[in-house]
Amino acid sequence: MALIHYVECNTSHAGNFVIDVPVGSHWLLVITKTPAEFWVHGGLKLYPAHNVILYRPQQKVYYRASAGQFVNDWIRFESDEPYITESPLPFGVPFALSDPDYCQKLLELMVSEHNFNRNCKESSIDYLLRTLFNKLWESYFQDNITPQYYKLLKLRTAIQSNPGDYWTVSKMADFLLISPGYLQNIYKKTFGISCMDDVISSRIRMAKEYLIHNAQSIADVASRCGYQNVEHFCRQFKQMTGHTPRNFQKQAKR
């Protein structure tokens, strides 16, 4: 189990903000929302927003705002859990975070659990911290995390959260203020699937849920999943699943 001494989200500091601790007493995790300078390998180095750094106990901690306001999330905690103490993550060296919004939600939940003495506080915090370290582990081993990647991730999240919207390549390109051709190229390179195939996959996933658990007509399901033509929906559903929507529904309810 982990003991959290303090956790904060979206903490804002002035441009002259500095943390200088020659020997830290606890584990410290810092996630930046703005650029910042960190003491790494004997010197200061500038890192962009959406970087994360993990300090172990007894380690020097030095970081500061680089220009203007500095915003970050941070956790100061104790733990002897192997997933932390034996983690492959580097200590005292920032690395890019692959999904800042996801981690933000975890931190917000952690703040809530820390501030209230609920019955399952300790176990809830433990699960949240384990999940956060899973995301950090994924981030550390992911290559090519750039500012453009974060924009693509927001687009993909919007697609998968709302597949029934009227998605077109042009609309998605406008979302990122880039050309449709460039979007199709970088989207597939980043996620291994084309942007329209991602839309179709998300729509079929949603359609399966509606067909199994709702008493809606095939036409209603098609409409809710973003299809203006029922025949097109049925044809695409069969291509993706090997079954017509009606047969899929019948088999699922046996």
Side-chain angles (χ1 to χ4, degrees), residues 4-77 87 89-111 114-115 129 132-133 135-158 173-179 182-183 186-187 189-190:
I4 290 183
H5 291 287
Y6 211 81
V7 53
E8 283 190 339
C9 286
N10 290 321
T11 308
S12 297
H13 307 276
N16 60 352
F17 173 78
V18 177
I19 288 289
D20 185 1
V21 182
V23 181
S25 55
H26 302 113
W27 289 93
L28 176 65
L29 181 72
V30 180
I31 298 176
T32 65
K33 304 296 184 67
T34 54
E37 293 181 335
F38 289 88
W39 186 268
V40 178
H41 301 314
L44 278 175
K45 185 176 179 181
L46 177 63
Y47 289 85
H50 307 308
N51 263 253
V52 58
I53 187 168
L54 176 65
Y55 295 102
R56 64 178 183 270
Q58 309 306 310
Q59 187 171 12
K60 174 184 175 67
V61 177
Y62 186 99
Y63 59 94
R64 69 186 188 187
S66 63
Q69 187 184 48
F70 173 62
V71 184
N72 70 319
D73 301 337
W74 62 279
I75 314 171
R76 185 167 58 84
F77 64 99
S87 168
L89 301 178
F91 299 133
V93 180
F95 57 92
L97 194 61
S98 63
D99 197 339
D101 290 341
Y102 187 100
C103 293
Q104 169 75 33
K105 293 171 185 176
L106 290 174
L107 265 295
E108 288 172 353
L109 290 171
M110 220 174 290
V111 168
H114 178 70
N115 291 342
L129 194 60
L132 177 61
F133 267 79
K135 302 310 292 184
L136 299 183
W137 189 90
E138 291 174 354
S139 298
Y140 182 61
F141 289 103
Q142 181 172 333
D143 297 325
N144 301 320
I145 300 177
T146 64
Q148 188 74 281
Y149 169 83
Y150 293 122
K151 295 177 182 178
L152 287 168
L153 184 62
K154 285 185 179 295
L155 171 60
R156 193 178 199 199
T157 300
D174 289 343
F175 190 94
L176 300 183
L177 302 177
I178 58 179
S179 72
Y182 183 52
L183 168 66
I186 62 173
Y187 196 99
K189 282 185 178 179
T190 302

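The analysis underlying the following values was restricted to heavy atoms, covering all of them including side chains, and did not include hydrogens, waters or symmetry mates.
- Partner Ile75 forms a side chain to side chain contact (heavy atoms under 4.5 Å, CB included) with one of His5, His114, Met110, Glu8 and no other, that one being Met110.
- To the nearest 0.5 Å, atoms CG (Leu129) and CG (Leu106) are separated by 9.5 Å.
- A salt bridge links Glu138 with Lys135: the closest approach of a Lys/Arg side-chain nitrogen to an acidic carboxylate oxygen falls below 4.0 angstrom.
- Taking every heavy atom of both residues into account, Thr11 and His13 meet most closely at CG2-NE2, 3.4 Å.
- The aromatic rings of Trp39 and Tyr62 sit perpendicular, their planes meeting at an angle over 60°, well past the 30° parallel limit.
- The CZ atom of Arg156 sits 10.0 Å away from atom CG of Leu152, with the distance rounded to the nearest 0.5 Å.
- Contact of the Leu89 side chain with the Phe95 side chain is registered, since non-hydrogen atoms from C-beta on lie closer than 4.5 Å.
- Put simply, the side chain of Lys151 reaches to within 4.5 Å of the side chain of Gln148, judged on heavy atoms.
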>> Pair Val30, Val61 - check side chain to side chain contact (heavy atoms under 4.5 Å, CB included), show working.
In response: CA-CA 11 Å; Val30 180; Val61 177; over 6 Å; no
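- With a 4.5 Å cut-off on side-chain heavy atoms, Thr32 and Phe70 count as touching.
- Of the residues listed (Trp27, Tyr55, Tyr6), the one engaging Trp74 in a ring pair (Phe, Tyr, Trp, His ring centres under 6.0 Å) is Tyr6, and it is the only one.
- Note that NE2 of His26 and CD of Gln58 are 9.5 Å apart. Values are rounded to the nearest 0.5 Å.
- Counting all heavy atoms, side chain and backbone alike, Ser139 lies closest to Asp99 at OG-N, 4.5 Å.
- Taking both residues in full, the closest heavy atoms of Leu46 and Ser66 are given as CD1-CB, 3.4 Å, listed atom of the first, atom of the second, then distance.
- Side-chain atoms of Asp73 and Asn10, non-hydrogen and from C-beta on, do get closer than 4.5 Å to each other.
- In this structure, the separation between CD1 on Ile145 and OH on Tyr140 is 12.0 Å, given to the nearest 0.5 Å.
- Counting only heavy atoms from C-beta outward, the side chains of Pro90 and Leu54 never approach each other to under 4.5 Å.
- The side-chain heavy atoms of Leu136 and Leu97, taken from C-beta on, include a pair separated by under 4.5 Å.
- Taking OG1 of Thr157 as the reference point, atom CG of Asp101 lies at 7.0 Å (rounded to 0.5 Å).
- Residues Tyr63 and Tyr47 form no side-chain contact, since every pair of their non-hydrogen atoms from C-beta on lies 4.5 Å or further apart.
- Here the OG atom belonging to Ser12 is positioned 9.0 Å from the NZ atom belonging to Lys33, to the nearest 0.5 angstrom.
- Summarising the local packing, NZ of Lys154 is surrounded by 12 or fewer heavy atoms from other residues, nucleotides or ligands at distances under 6.0 Å.
- Summarising the geometry of Gln104 relative to Cys9, their closest heavy-atom pair is NE2-CB, 4.0 Å, with the distance given to 0.1 Å.
- Of all non-hydrogen atoms in Ser98 and Leu153, the two that sit nearest each other are O-CD2, 3.2 Å.
- Considering only heavy atoms from C-beta on, Leu28 stays 4.5 Å or farther from Val21 through its side chain.
- Annotation: Tyr182, atom OH; neighbour count of heavy atoms from other residues, nucleotides and ligands within 6.0 Å does not exceed 12.
- Taking the centre of each ring, Phe133 and Trp137 stay at or above the 6.0 Å mark.
- The minimum heavy-atom distance linking Val71 with Thr34 is given by the pair N-OG1, 3.0 Å.
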